[in-house]
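Quick caveat, the model's predicted, so the values are computed rather than measured. So you know, we letter chains A, B, ... as the sequences are listed, proteins then strands, and number each from 1.
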There are 2 protein chains.
Amino acid sequence: MHQFKGKQYPCCTSLTMGVIGGKWKTVILFYLIGGKLRYNELRKKMGTVTERTLSLQLQQLQEDGVIQREVFYSKPPLKVEYSLTEFGKTLIPILEAIAQWGDYALENHSAEENTQ
Amino acid sequence: MHQFKGKQYPCCTSLTMGVIGGKWKTVILFYLIGGKLRYNELRKKMGTVTERTLSLQLQQLQEDGVIQREVFYSKPPLKVEYSLTEFGKTLIPILEAIAQWGDYALENHSAEENTQ
DNA sequence: CCGGATCCTATTTGATACTG
DNA sequence: CAGTATCAAATAGGATCCGG
C-alpha cells in the first residue's frame with residue numbers, strides 16, 4: 001500500500017492512474033504538452049467538457065503537482081494560464097504512449113466485433 | 001470523436017484510458033504481464049479488491065480484447081486462467097511506464113506538501 | 001474454485017445559473 | 001474571462017450471499 005498526496009494506492013500503477021485517471025485528465029495534460037493554455041482555450045479544444053468538470057480536474061492536477069496555474073491581473077479581462085510543471089513534464093512519455101496506443105487501437109482493432 | 005468497441009471517446013488518449021482506466025484494470029494487466037493467472041491468484045495479489053469488482057473488470061478487459069479467459073473443465077475444482085491477448089501485449093510498454101512513474105513519484109514527490 | 005445476483009454507497013460527471 | 005454554487009444523473013465500486 002502506497003501513499004501519495006494524502007491518498008492511498010494499492011499498487012504503483014494505481015498511483016499513476018490516480019493522477020492521470022478520470023475522463024478528462026489525460027486530455028488536458030496532452031494539450032498542455034504543447035505549452036501554456038488559458039482556461040477557455042482548453043475548454044474549446046475539449047469540446048464536450050463542462051465548465052465545472054474542467055475546473056475540478058484542473059484543481060486536482062494542481063493538487064498533485066503536475067500542472068501550475070498563473071494568474072495575470074493586468075486588466076479586467078482576467079487571464080489565467082495553465083501549464084505543466086517540471087514534475088508534470090515527466091509524464092509526457094506516458095501521455096504520448098497513451099495517445100499513440102489509442103490511435104493504434106483505432107486503426108487496427110476498431111472494426112472487430114467481440115467474437116472471440 | 002472516436003469510437004471503439006461501441007463506446008465513444010473525445011480523444012485518442014481517452015480511448016486508451018477507457019480501456020485501462022478504472023481503479024483496478026492497470027493492476028490486473030500489470031500482474032498479467034508475468035503470464036497466466038487464475039482468478040484466485042489475481043485476487044490474492046490484489047488484496048483489497050472484491051469478488052464482484054474483479055469479475056467486472058476482467059469482463060470489461062475481455063470485451064476490449066486485451067485479455068483472454070481459458071476454462072479447464074477437467075475436474076470439479078474449476079480452473080480459469082486469464083492472460084494477455086496479442087493485442088493486450090501491445091499495452092505492456094504503457095503499463096511498465098505507468099508503474100515506473102508511480103515508483104518515481106513516490107520516491108521523489110511523495111513527501112512534498114501542496115504548498116505551491 | 002469461480003464467479004453471478006442483489007443491494008447499496010460513494011464518487012464522478014453533467015446541466016444550468018450566477019459572480020468577481 | 002474564469003470560474004463557483006447548486007442540483008441531478010450516471011457510473012464505479014463495495015458487501016454479502018448463493019450456485020454450478
Lys/Arg N to Asp/Glu carboxylate O, Lys36(A) vs Glu70(A), below 4.0 Å: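 Result for this pair is yes, salt bridge flagged.
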
Per-nucleotide protein contact string for nucleotides 6-20 of chain D, where B marks a base within reach and S marks sugar-phosphate only (heavy atoms under 4.0 Å, - for neither): BB-----BBB-B---

Spacing of CG belonging to Leu54(A) relative to OH belonging to Tyr82(A), to within rounding of 0.5 Å: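 Rounded to the nearest 0.5 Å, the CG-OH separation comes out at 7.5 Å.
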
Nearest-0.5 Å distance that lies between atom CG in Leu42(A) and atom CG in Leu37(A):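 Going from the CG atom of Leu42(A) to the CG atom of Leu37(A) covers 5.0 Å.
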
Heavy-atom donor-acceptor pair, Glu41(B) side chain to Arg38(B) backbone, under 3.5 Å: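 Pair found, side chain donor or acceptor close to backbone of Arg38(B).
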
Pair Lys5(A)-Glu63(A), salt bridge (charged side-chain N to carboxylate O under 4.0 Å, His left out): steps then yes or no: CA-CA 8 Å; Lys5(A) 304 278 181 185; Glu63(A) 282 167 20; over 6 Å; no

Residue pairs fulfilling side-chain hydrogen bond (donor to acceptor under 3.5 Å, both in side chains) with at least one residue in residues 12-21 of chain B, sequence neighbours excluded: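 Found Thr26(A)-Thr13(B).
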
Between [N] atom [atom2] and [X] atom [atom1], what is the distance in whole Å?
X        : N       : atom1 : atom2 : value
Phe72(B) : dG3(C)  : CZ    : C1'   : 17 Å
Glu81(A) : dC1(D)  : CD    : P     : 14 Å
Lys36(A) : dA2(D)  : NZ    : P     : 14 Å
Lys7(A)  : dA10(C) : NZ    : P     : 19 Å
Glu70(A) : dG3(D)  : CD    : C1'   : 18 Å
Lys44(B) : dG3(C)  : NZ    : P     : 14 Å
Leu54(A) : dT16(C) : CG    : C1'   : 16 Å
Ile20(A) : dT12(C) : CD1   : P     : 15 Å

Geometric class of the Phe87(A)/Phe4(A) ring pair [parallel <30°, tilted 30-60°, perpendicular >60°]: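 Rings of Phe4(A) and Phe87(A): tilted, as their planes differ by 30° to 60°.
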
Closer than 4.0 Å, any side-chain N/O of [X] to the OP1 or OP2 of [N]?
X        : N      : result
Tyr82(A) : dC1(D) : no
Ser55(A) : dG3(D) : no
Arg38(A) : dA2(D) : yes
Gln59(B) : dG4(C) : yes

Exercise: do Trp24(A) and Thr53(A) side chains pair donor with acceptor under 3.5 Å: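 No.
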
Stepwise ring-ring contact (aromatic ring centres under 6.0 Å, His included) check, His2(A) with Tyr9(A): CA-CA 5 Å; His2(A) 307 297; Tyr9(A) 300 101; 8.7 Å; no

Sugar-phosphate only, base, or nothing, as touched by Arg43(B) at under 4.0 Å among non-hydrogen atoms: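 Answer is nothing: Arg43(B) stays at 4.0 Å or more from every strand.
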
Inter-end axis angle, the helix from dC1(C)-dG20(D) to dG20(C)-dC1(D), with every axis fitted to five base pairs (rounded, 10 degrees):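 Comparing the first five pairs with the last five, the axes sit 60° apart.
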
